[in-house]
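All remarks here apply to the structure that follows.
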2 protein chains.
Amino acid sequence: MPKGIVLTTDEQNHRRHEIFEAALDTFIEKGFVETSMREIAELAGMGKSSLYDYFGNKEDILIFVMEEALENVLNNARRINALPLSPEVRLRQIIEMHLEYIVENKKLFYLFSYEGRRMSSENQQRAQQGRYMYQDMLRGLIEQGIQQGIFREVDPLVAARMLINTIIPVVYTSRPTGAPQVMMQEILDIFMNGIQK
Amino acid sequence: MPKGIVLTTDEQNHRRHEIFEAALDTFIEKGFVETSMREIAELAGMGKSSLYDYFGNKEDILIFVMEEALENVLNNARRINALPLSPEVRLRQIIEMHLEYIVENKKLFYLFSYEGRRMSSENQQRAQQGRYMYQDMLRGLIEQGIQQGIFREVDPLVAARMLINTIIPVVYTSRPTGAPQVMMQEILDIFMNGIQK
DNA sequence: TGACAAAGCGACCAGCGTTCGCTATAATAA
DNA sequence: TTATTATAGCGAACGCTGGTCGCTTTGTCA
């Protein structure tokens with residue numbers, strides 16, 4: 001972009017996206033800390049200090065699209081949870097949606113899982129808040145199932161956490177035995193079989 | 001240690017342990033990359049460049065005790081696996097042992113889970129090799145159970161991975177519903193219930 | 001007593017994220 | 001048409017970082 005031209009908010013946002021896309025691959029390949037602002041600037045085709053006109057600092061690049069992604073998963077989950085279906089079916093659909101979202105944004109979630117701890121405590125807290133909401137939704141679903149006599153009397157929070165923690169490894173396993181969706185079905189079967197009466 | 005005194009191998013090893021202990025807390029509190037060699041040196045009560053007489057570089061501090069820890073878990077697992085017990089009991093005992101080891105070396109394993117990706121590819125490969133052996137052992141156990149007609153015909157590798165991946169989050173959850181051992185029992189119950197006929 | 005080995009360290013290096021003041025230029029006002 | 005203003009973009013500098021090197025100090029041993 002030549003000098004002197006005033007960018008609209010949309011253009012600025014587009015530029016931010018360009019920078020992020022340029023950084024993402026390198027973040028994933030080499031890690032967040034190991035990727036230098038000089039590299040990002042070069043990939044984005046601009047001077048290093050110009051990056052700071054679009055992002056306050058390096059971390060801001062990392063969290064640029066995180067908020068949006070987490071919000072989307074949470075909203076999709078809420079939508080499914082509101083459907084008039086049995087707890088079991090809703091549980092399955094939410095996990096399938098969640099998996100699909102991670103598969104589609106594989107690089108992004110990889111970054112979050114492995115570099116999320118590098119975010120400022122403020123940003124980490126925000127992310128955890130979202131995770132808690134999600135967790136509590138699944139817990140509520142399991143509680144419903146127990147009340148309806150479909151599920152055994154398991155600890156609903158432990159079960160919810162257990163289920164959530166199986167998703168990420170399915171996508172990023174180094175020795176997949178098939179498509180993530182297939183592996184997830186197998187895991188869901190074991191889990192459901194495990195909590196059903 | 002004053003100059004001129006020649007250290008025995010044991011003394012050198014003890015010194016290495018001192019340095020590692022000094023670094024460990026800071027690694028966990030601030031992260032591996034964010035902890036400087038200058039800080040570690042200060043905590044260890046020595047000049048920064050003297051650290052390099054005991055560790056080749058920063059990463060060597062990180063992996064100093066990793067090899068040993070992973071080896072121990074693997075050996076313990078092998079020992080349990082050789083006992084004349086049913087696959088289910090052996091599976092349970094191995095996971096319980098694994099959990100206990102992580103609980104007892106909580107800080108260490110936290111570091112491995114969150115900073116392991118920062119190790120050189122060589123060290124990462126070694127760690128993964130160990131993980132594969134462990135995984136295959138559990139897979140074999142599940143296969144045995146299937147052959148003996150105790151377990152349903154689940155995908156043994158997927159089930160093994162699923163089980164392994166539930167352990168770490170139990171120890172490091174930010175909202176525990178009780179002792180890790182209790183949570184793990186609940187998870188083991190769900191899992192066993194899930195794969196049993 | 002002199003030569004040697006080794007523990008320890010200060011000074012330095014290249015590279016890092018970030019800041020700041022400057023330049024160039026399109027849009028606007030007079 | 002000319003002067004002013006706003007801003008996109010950048011080069012140079014700053015205080016950090018992990019790591020290296022050559023020197024000093026001191027116990028040991030021939």
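To find a chain, count down the sequence lines: A is the first, B the second, and so on, and within it residues start at 1.
The phosphate of D:dG18 has neither OP1 nor OP2 within less than 4.0 Å of any side-chain N or O from B:Arg118. Residue A:Gln12 places no side-chain N or O under 4.0 Å from the OP1 or OP2 atom of D:dT7. Side-chain N/O atoms of A:Tyr52 include none lying less than 4.0 angstrom from OP1 or OP2 on D:dG9.
Between A:Arg15 atom CZ and D:dA8 atom P there is a gap of 10 Å when expressed in whole angstrom units. Remark: C1' of C:dG21 and CG of A:Asp53 are 13 Å apart, rounded to the nearest angstrom. Here C:dG17 presents its P atom at 10 Å from CG of A:Leu51, a figure rounded to the nearest Å. Look at CG on B:Leu62: it is 15 Å from C1' on D:dG18, rounded to the nearest Å. Rounded to whole angstrom, the span from the CG atom of A:Asn57 across to the P atom of C:dG17 amounts to 11 Å. Per the geometry, CZ belonging to A:Phe55 stands 13 Å off P belonging to D:dG9, to the nearest Å. Going from atom CD of A:Glu42 over to atom P of D:dC10 covers 12 Å, rounded to whole Å. In this structure, the OH atom of B:Tyr54 is 7 Å from the C1' atom of C:dA7, given to the nearest Å.
Side-chain to base pairing of B:Ser49 with D:dG19: no donor and acceptor N or O lie closer than 3.5 Å to each other.
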**Criterion salt bridge (Lys or Arg N to Asp or Glu O under 4.0 Å) on A:Glu42 and A:Arg38, from CA distance to verdict** = CA-CA 6 Å; A:Glu42 207 163 324; A:Arg38 285 159 180 83; over 6 Å; no
**Message:** Go through it in stages, so that I can follow the logic: the residues are A:Asp155 and A:Arg139, the test is salt bridge (Lys or Arg N to Asp or Glu O under 4.0 Å), and I'd like the CA-CA distance, side-chain angles, deciding distance and then a yes or no.
**Reply:** CA-CA 9 Å; A:Asp155 181 324; A:Arg139 191 195 60 189; over 6 Å; no
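Within residues 27-38 of chain B, no residue places a heavy atom under 4.0 Å from DNA chain C.
Judged by the 6.0 Å distance and 45° axis criteria, A:Arg117 is positioned over the aromatic ring of B:Tyr114.
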Tell me which donor-acceptor pairs under 3.5 Å the side chains of residues 142-152 of chain B have, and how far apart each pair is, sequence neighbours excluded?
from     : atom 1 : to       : atom 2 : distance (Å)
B:Gln144 : OE1    : B:Arg90  : NH2    : 2.8
B:Arg152 : NE     : B:Gly194 : O      : 3.2
B:Arg152 : NH2    : B:Gly194 : O      : 2.7

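Grouping the Ile, Leu, Val, Met, Phe, Trp and Tyr side chains by contacts below 4.5 angstrom, directly or via other members, places A:Leu62 apart from A:Leu43.
Using a 4.0 Å heavy-atom cutoff across all strands shown, A:Glu39 reaches no nucleic acid atom at all.
Ring geometry for B:Phe109 against B:Phe112 counts as perpendicular: the plane angle is over 60°, on a 0 to 90° scale with 30° as the lower cut.
Atoms CG and CD1, from B:Asn57 and B:Ile63 in turn, are 8.0 Å apart once rounded to the nearest 0.5 Å.
For B:Ile5, whose side chain is taken as the heavy atoms from C-beta onward, the closest listed nucleotide among D:dG9, C:dA26, D:dG27 is D:dG27. Distances from the side chain of B:Lys58 to the nucleotides C:dG17, D:dG19, C:dG8 place D:dG19 closest. Of all nucleotides listed (D:dG9, D:dA8, C:dG17), D:dG9 comes nearest to the side chain of A:Ser50.
The residue among A:Val6 and B:Lys48 whose nearest nucleotide of DNA chain D is located toward the 5' end is A:Val6.
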